[in-house]
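Heads up, the thing below is written out as structure tokens.
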Amino acid sequence: MQHTVKAKLIYESPQERAAVNAALDEMCLRFNNAERGLYRDIRHLVGRGVPYPLPAENQNAIKSHFQIKYNINARFYNAVKIGLDGKIDSVLTVADEKLLVTEYRITKATNDLKYYQHVLKEHKNQVLKNEKLIRKYQRKLHYINQRLQRLSSRREKLTETINNQDPHLCFGSKALFMAQFKPGMDFVKWKEDWLFQRNRQFTMVGAKCESQGNQICQITSLKDSRYQLQINPCFNQANREKPFHVQIEVHHDRNNYLKNLPQDDEDRRIAITYRFMKQAITGDYEVHLSFETTRYQPAKITCDTHGAIGVDMNADHLAICNIDAAGNLLHAFNLPYQLKGMTSEQRASVLGDVVKALTDYAQAEKKNIVIEDLDFSKKKSNLKPGVGKAYNEMISSFAYKKMRTLIQSRCFDKGLSFITVDPAYTSVIGRIKYHARFRLTSHQSASLVIARRGFFQQNRTGGFLEKPIRPQCSTKNAASLLTLPVGNGIVEGCMKSRKQNDAYWRELNEQIKAATPEYWAKTYHLTGTVQ
């Protein structure tokens with residue numbers, strides 16, 4: 001797993017601060033000039049029909065040319081190229097995802113257009129015309145046509161980007177570039193901000209084969225959280241300059257990874273990548289150190305056969321259930337949090353506290369953590385302005401990926417196993433089987449199903465399917481209104497396939513909704529804790 005720690009530079013005197021900042025400014029300017037020049041040359045070759053990624057012969061020619069042009073060594077060029085390739089690939093990957101979402105929205109808007117055209121035609125053919133309804137549907141058609149035009153234009157741009165492999169990178173951000181055209185903008189101040197943004201950071205990529213994991217930056221431990229960096233200016237041998245030293249103070253290295261890195265052992269040596277970023281207020285640099293920690297994971301403390309802890313992630317809380325080795329419920333509770341109206345730093349802090357509480361509980365119980373493998377891209381692409389405002393806000397603020405990454409990282413640090421399961425029908429099964437029986441909330445019921453699914457999949461061959469069961473319903477005569485789905489022998493025993501399992505719960509869920517709407521309306525937001 002990739003681990004990153006942040007450090008600030010420590011200066012002994014103002015003279016040292018000025019000298020170190022000047023040397024880092026020189027390296028940063030050289031790095032960013034080479035990156036922009038490399039992007040320009042790549043776009044020139046791709047425009048002439050050379051495929052991207054570039055063939056080896058083109059890359060070698062560009063590498064030799066850039067080392068001479070910018071007076072840099074080969075390792076410096078490799079860092080520039082790796083960073084630029086990452087930016088290009090990220091934009092093209094996002095463009096692919098955006099194109100899928102745009103196609104989905106165009107299909108939906110086209111279907112809506114056909115529907116309202118048909119409805120408008122029916123109203124116009126009536127003898128007694130309803131002028132108010134006709135105007136309403138005409139407005140809807142107008143807005144849908146506008147939406148289709150915007151989506152079609154977006155699809156053309158995305159298709160052109162993907163086909164031409166052109167990410168249209170703007171170094172310094174497009175928003176800041178367009179700010180110069182605003183009325184009343186101070187151009188001198190804008191240009192200062194623009195140049196700072198374009199030349200504020202650079203990255204030195206490491207390699208396992210290099211001393212201390214990086215040829216340009218080499219780290220040495222001093223005391224406590226203090227380290228010393230030896231930075232070798234990355235210029236060609238002809239203009240070789242002496243290395244300079246600077247002390248750094250590392251933050252949040254809880255497991256002392258940096259102190260325990262075996263850099264003296266060539267077989268176990270790992271690469272360290274350094275990203276230097278200049279602060280706008282102070283003008284000083286801070287450095288982020290990234291390295292792989294998979295081989296240094298703590299010993300596993302959980303037992304796969306003693307049960308599991310299921311987690312149902314929601315926009316405002318985590319619903320958690322603890323089960324024993326037989327799949328029986330031991331404890332259910334919620335970990336609430338609020339992200340609405342917060343900055344990204346505040347959200348990260350809140351989520352970190354919640355994840356810490358969850359993993360501390362799992363560490364005390366010595367059990368694996370099980371979550372759903374969710375994908376909200378399609379739901380987020382289908383959000384409508386003004387329709388279901390509360391649902392739109394919930395989906396938009398649901399930081400699932402951030403939460404999942406934090407849980408996985410914390411489990412790695414604590415020696416806990418992290419398991420993901422298929423989310424199909426967890427809420428349905430929980431509502432039908434465990435909601436009324438254990439007096440759980442709907443989300444806690446789902447977390448109980450998640451825990452059982454992850455635990456039994458890990459300890460049984462062929463996975464785990466929930467057995468058919470008569471719904472546990474406290475509404476009088478509600479259960480008698482239901483008939484268990486029949487077909488392929490799924491009622492007599494456990495389902496034999498996943499397809500039968502899904503069909504069973506889908507049909508039973510539809511019956512529950514139709515037979516007991518008042519019951520689910522009253523108990524859907526039931527709260528409670530089971531000890």
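The residues of the chain are indexed from 1 along the displayed sequence.
- Two residues are said to be in side-chain contact when any heavy atoms from C-beta on lie closer than 4.5 Å; D41 and H65 meet this criterion.
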Hey, can you pull the donor-acceptor pairs under 3.5 Å for the side chains in residues 215-226, sequence neighbours left out?
residue : atom : partner : partner atom : Å
Q218    : NE2  : S211    : O            : 3.4
S221    : OG   : K259    : NZ           : 3.0
R226    : NH1  : Q247    : OE1          : 3.3

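- A donor-acceptor pair under 3.5 Å links the side-chain atoms of D166 to the main chain of H168, judged by distance alone.
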Could you go step by step and tell me if L289 and Y227 meet the side chain to side chain contact (heavy atoms under 4.5 Å, CB included) rule?
CA-CA 12 Å; L289 296 82; Y227 297 84; over 6 Å; no
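- One finds the OG1 atom of T359 at 13.0 Å from the CD atom of Q408 (value rounded to the nearest 0.5 Å).
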side-chain hydrogen bond (donor to acceptor under 3.5 Å, both in side chains) between E372 and T426: does it pass, once the steps are laid out?
CA-CA 9 Å; E372 294 176 299; T426 53; 2.6 Å; yes
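- Looking at residues two or more places apart in sequence or on another chain, you find a side chain to side chain donor-acceptor pair (under 3.5 Å) between Q230 and N232, H245.
- Side-chain atoms of E249 and H251 include no donor-acceptor pair closer than 3.5 Å.
- Checking side-chain atoms of E16 against main-chain N and O of E12 turns up a donor-acceptor pair under 3.5 Å.
- Looking only at side-chain heavy atoms (C-beta outward), S447 and I320 stay at 4.5 Å or farther from each other.
- At a cut-off of 3.5 Å, with distance as the only test, a side-chain donor of Y52 or D85 sits close to an acceptor on the other residue.
- Here the straight-line distance linking atom CD of Q197 with atom CZ of R200 works out to 5.5 Å at 0.5 Å rounding.
- Looking at S349, its side chain never comes within 3.5 Å of a backbone N or O of Q346 through a donor-acceptor pair.
- When all heavy atoms are compared, the tightest approach of K81 to L38 is CA-CD2, 3.9 Å.
- Counting heavy atoms from C-beta on, the side chains of F455 and V370 never come closer than 4.5 Å.
- For R75 against G206, the heavy-atom pair with the smallest separation is NH2-O, 2.9 Å.
- Counting heavy atoms from C-beta on, the side chains of Q444 and D312 never come closer than 4.5 Å.
- The local environment of NZ in K69 is crowded, with over 12 non-hydrogen atoms from other residues, nucleotides or ligands closer than 6.0 Å.
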Where do H443 and H317 land on the side chain to side chain contact (heavy atoms under 4.5 Å, CB included) test, with the steps shown first?
CA-CA 9 Å; H443 300 299; H317 74 280; 3.5 Å; yes
Please test L229 against Y274 for side chain to side chain contact (heavy atoms under 4.5 Å, CB included), starting from the C-alpha separation and ending with a verdict.
CA-CA 11 Å; L229 281 183; Y274 299 83; 3.6 Å; yes
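- Contact check for E160 versus N163: no side-chain heavy atoms found under the 4.5 Å cut-off.
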Table please: side-chain donor-acceptor pairs of residues 301-311 below 3.5 Å, with sequence neighbours left out.
residue : atom : partner : partner atom : Å
T302    : OG1  : N368    : OD1          : 2.7
D304    : OD1  : K300    : NZ           : 2.9
D304    : OD1  : N368    : ND2          : 3.0
D304    : OD2  : K300    : NZ           : 3.2

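- In terms of modelled atom types and a separation under 3.5 Å, the side chain of D324 and the main chain of A326 share a donor-acceptor contact.
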Can you check side chain to side chain contact (heavy atoms under 4.5 Å, CB included) on Y434 and L329, steps first, answer last?
CA-CA 10 Å; Y434 309 118; L329 176 65; over 6 Å; no
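- Annotation: the span from D96 atom CG to L158 atom CG amounts to 9.0 Å, rounded to 0.5 Å.
- For the residue pair E35 and G83, the shortest heavy atom distance occurs at OE2-C, 4.2 Å.
- Scanning all heavy atoms of the two residues, the minimum distance from N32 to C28 falls at ND2-O, 2.7 Å.
- Side-chain atoms of N58 do not come within 3.5 Å of backbone N or O of V50 as any donor-acceptor pair.
- Checked for salt-bridge contact, K278 and D25 meet the test: a charged N lies under 4.0 Å from a carboxylate O.
- In this structure a side-chain-to-backbone donor-acceptor pair under 3.5 Å is present from S90 to K87.
- With rounding to the nearest 0.5 angstrom, the CD atom of Q201 is 5.0 Å from the CZ atom of R275.
- Proximity of Q338 to V350: side-chain heavy atoms (C-beta onward) are nowhere separated by under 4.5 Å.
- Panel note: side chain D422, backbone D373; no donor-acceptor pair is recorded below 3.5 Å.
- The two residues I10 and V246 have their closest heavy-atom pair at O-CG2, 4.1 Å.
- Using a 4.5 Å cut-off on side-chain heavy atoms (C-beta onward), N322 and F333 make no contact.
- Ring orientation note: the planes of F31 and F202 are tilted relative to one another, at an angle of 30° to 60°.
- Residues R410 and V355 come closest through the heavy atom pair CB-CG1, 4.0 Å.
- Put simply, CD on E292 and CD1 on I272 are 12.5 Å apart, with the number rounded to the nearest 0.5 Å.
- Using cut-offs of 30° and 60° for the angle between ring planes, the Y39 and F171 rings count as perpendicular.
- Note that the CG atom of D284 and the NZ atom of K8 stand 10.0 Å from one another [nearest 0.5 Å].
- By the 4.5 Å heavy-atom criterion applied to side chains, I419 and Q457 are not counted as neighbours.
- The aromatic rings of Y77 and F66 sit tilted relative to each other, their planes meeting at an angle between 30° and 60°.
- The closest donor-acceptor contact from the side chain of R452 to the backbone of G327 lies under 3.5 Å.
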